[in-house]
Amino acid sequence: MSTPPLERARAFLLTHARLLERRLAELWLGTPTPATAYAVLDALAAYRNPDGGLGHALEPDARGPESQPLAVDFALEAVEQVLDSPTGADPAVRARVAEFAASLVPYLESVAAPSGGLPIVLPSIAAYPRASHWGDGRFLPGLNPTAGIVTRLRRAGAKGAWLDAADDFCRAEIDQLTDLDGHSALNVLHFLAHAPDQDWAAGHRAEIGGRLGDLPHFHLHPGEGYGLTPLDLAPLPEDPLRELVPADAIAAHLTALAGAQQPDGGWPVSWEPPGPASLLEWRGVVTLKAARVLAANP
């Protein structure tokens with residue numbers, strides 16, 4: 001009898017993945033407790049720098065030790081998984097999450113533009129091995145990552161004057177939005193889903209949702225090459241953003257995701273990481289994501 005797909009994924013994570021992804025897997029594929037959630041936060045703390053930011057290849061395509069907004073964004077996605085997990089409603093877990101999130105705000109404020117917006121990476125990334133898409137590290141402040149970072153910090157309970165300024169930056173950018181790709185769309189749609197002013201958010205959400213199929217780097221239905229999918233936008237069945245996506249698109253992507261599992265139990269990476277360590281780390285990240293989605297969408 002063949003080994004079930006989730007068991008094969010768990011075995012891959014145990015033999016190939018970083019500590020962070022193994023700890024996150026305990027939240028979704030194991031029997032989680034508050035201690036499991038604390039262990040995720042402790043694993044993230046190992047990437048901390050004296051400036052309060054995070055680096056050291058936490059996001060595996062950026063191999064340098066220096067802090068990057070990209071790494072903070074990656075960390076907050078892990079924090080969001082803690083909040084969405086069965087332990088996320090525990091008051092003690094939420095207090096620890098809020099403490100961790102608040103500790104990131106001073107670093108983000110220190111690298112933000114006067115407008116409050118953040119670039120996805122800083123030029124210091126160019127001094128180290130990195131994926132080719134990061135180029136020379138010179139990026140303008142943008143909705144990717146600012147909108148996603150603001151949303152996740154707010155969800156985690158963080159507050160502060162910079163967060164208010166970043167929120168204003170995002171609203172102004174969304175009000176004059178023209179060009180949009182899959183990555184920016186995910187950031188914007190999550191921001192809109194959690195915006196306090198839902199009357200303002202509803203129109204933008206409907207407009208962006210109506211053109212998901214036309215966005216670069218977004219596959220509304222399964223397709224070839226690199227691209228985000230509706231399962232990146234709304235991985236859990238109860239996610240309110242599911243309503244933006246046709247049910248047949250979700251079903252098709254779930255079928256494609258299950259079929260993409262490799263003989264070793266892991267999932268492949270659809271871009272070129274900057275080295276073998278990065279490739280292996282990314283396979284742990286994408287395998288955890290795939291297993292989490294398949295477990296939540298039987």
Side-chain angles (χ1 to χ4, degrees), residues 1-44 58-60 74-90 93 97 186 219-223 226-242 245-271 273 276-298:
M1 183 179 295
S2 62
T3 305
L6 290 180
E7 288 298 319
R8 293 168 55 214
R10 184 184 286 110
F12 178 88
L13 291 166
L14 288 172
T15 55
H16 292 70
R18 299 184 296 187
L19 176 62
L20 173 60
E21 281 69 44
R22 298 201 306 273
R23 289 301 202 181
L24 284 166
E26 293 172 16
L27 286 177
W28 296 102
L29 306 178
T31 305
T33 67
T36 313
Y38 304 151
V40 172
L41 300 177
D42 289 341
L44 288 171
L58 174 55
E59 200 276 5
F74 191 99
L76 288 172
E77 184 174 353
V79 167
E80 191 167 52
Q81 289 191 48
V82 172
L83 292 175
D84 288 338
S85 76
T87 66
D90 184 284
V93 169
V97 164
L186 259 65
H219 295 312
L220 183 59
H221 296 275
Y226 174 78
L228 302 175
T229 80
L231 298 176
D232 295 300
L233 176 66
L236 305 180
E238 63 272 18
D239 194 306
L241 293 175
R242 278 276 174 104
V245 181
D248 66 329
I250 294 289
H253 276 289
L254 287 171
T255 298
L257 184 65
Q261 190 173 23
Q262 303 295 286
D264 61 7
W267 268 260
V269 174
S270 59
W271 66 96
S278 178
L279 174 59
L280 191 59
E281 289 166 0
W282 270 123
R283 289 199 70 206
V285 173
V286 300
T287 296
L288 170 65
K289 182 178 291 187
R292 177 194 179 206
V293 167
L294 293 174
N297 296 269

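Interatomic distance, CG of L29 versus CG of L14, reported as 9.5 Å (0.5 Å rounding). Rounded to the nearest 0.5 Å, atoms CD (Q262) and CZ (R8) are 9.0 Å apart. Between the CZ atom of F12 and the OG1 atom of T287 there is a distance of 4.5 Å, given to the nearest 0.5 Å. With rounding to the nearest 0.5 angstrom, the NE2 atom of H219 is 7.5 Å from the OG atom of S270. L24 CG to L288 CG: the interatomic distance, rounded to the nearest 0.5 Å, is 5.5 Å. With rounding to the nearest 0.5 angstrom, the CD atom of Q81 is 8.5 Å from the CD atom of E21.
At a threshold of 4.0 Å, the pair D232-K289 counts as salt-bridged, since one of the basic side-chain nitrogens sits closer than that to a carboxylate oxygen. In this structure, R283 pairs ionically with D264, as a charged nitrogen and a carboxylate oxygen lie closer than 4.0 Å.
The two residues L236 and A296 come nearest to each other via the heavy atoms CD2-CB, 3.7 Å. W271 and V286 get closest at one heavy-atom pair: CH2-CG1, 4.4 Å. Across all their heavy atoms, L13 and A25 have their closest contact at CD1-CB, 3.8 Å. Heavy-atom minimum distance, P60 versus F74: CD-CE1, 4.1 Å. Here the closest heavy-atom approach between residue S278 and residue P273 is recorded as OG-CB, 3.3 Å. Annotation for S85 and L27: closest pair OG-CD2, 3.8 Å, computed over non-hydrogen atoms.
Residues L41 and V79 meet the side-chain proximity criterion, which asks for heavy atoms closer than 4.5 Å. Side-chain contact between L233 and L228 is absent, with no heavy-atom pair separated by less than 4.5 Å. Contact check for R18 versus R23: no side-chain heavy atoms found under the 4.5 Å cut-off. By the 4.5 Å heavy-atom criterion applied to side chains, H221 and D248 are counted as neighbours. Contact check for L20 versus L58: side-chain heavy atoms found under the 4.5 Å cut-off. The shortest distance between side-chain heavy atoms of T33 and D90 does not fall below 4.5 Å.
Applying side chain to side chain contact (heavy atoms under 4.5 Å, CB included) to V82 and the options L44, T36, V93 leaves one that passes, V93.
With hydrogens and angles ignored, the 3.5 Å screen pairs no side-chain donor or acceptor of E26 with any backbone N or O of G30. Counting only distance, with no hydrogens or angles, the side chain of R292 and the backbone of W28 share no donor-acceptor pair below 3.5 Å. Looking at E281, its side chain never comes within 3.5 Å of a backbone N or O of A17 through a donor-acceptor pair. Judged purely by atom type and a 3.5 angstrom limit, N297 uses its side chain to pair as donor or acceptor with the backbone of V293.
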